[in-house]
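None of the values given here were measured: they were computed from a predicted structure.
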Amino acid sequence: MTATTATTENTTADVISGARERIDALDDRIMGLVQERMAVSAVVQEARIASGGRRVHLSRENEVLGRYRDALGKPGTSLAMTLLELCRGRV
């Protein structure tokens, strides 16, 4: 192995390591935001139920699904469904 090859491998490893650290930090932020969304959703559900409404508002959920689909394509719909399931609480 030449010095250039070793340097390139070290640089590649450093880039990958740095990118993975950033991904981990982003994942931590995403999980925190999901938890925050769950808490806010619980407030909305409690207010809706207290006023005689239903816990789940299907037309609103369809809006959310559409926003995610428009922004992220078909996988966005699946992501939004998972997020909505997390935020519904026990139905």
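The distance from atom CG of Leu33 to atom CG of Leu83, rounded to the nearest 0.5 Å, is 10.0 Å. For the atom pair Asp70 CG and Thr77 OG1, the distance stands at 8.5 Å (nearest 0.5 Å). The distance from the CG atom of Asn62 to the CZ atom of Arg69 is 9.0 Å, given to the nearest 0.5 Å. One distance of note links OG of Ser41 with CD of Glu46; it measures 10.0 Å at 0.5 Å rounding. Going from atom CD of Gln35 over to atom CD1 of Ile30 covers 12.5 Å, rounded to the nearest 0.5 Å. Distance CZ/Arg60 to CG/Leu84: 9.0 Å, rounded to 0.5 Å.
For the pair Met38 and Leu86, the tightest heavy-atom approach, listed with the atom from each and the gap, is CE-O, 3.5 Å. When all heavy atoms of Leu65 and Ala80 are compared, the closest pair comes out as CD2-CB, 3.6 Å. When all heavy atoms of Cys87 and Gln45 are compared, the pair lying nearest together is O-NE2, 2.6 Å.
A continuous path of Ile, Leu, Val, Met, Phe, Trp and Tyr side chains, each step under 4.5 Å between heavy atoms, connects Val34 with Met81, placing both in one hydrophobic cluster.
In this structure, Arg67 and Leu72 have side chains that are not in contact, with every pair of non-hydrogen atoms separated by 4.5 Å or more.
Arg48 contributes a side-chain N or O that, together with a main-chain N or O of Arg55, makes up a donor-acceptor pair within less than 3.5 Å.
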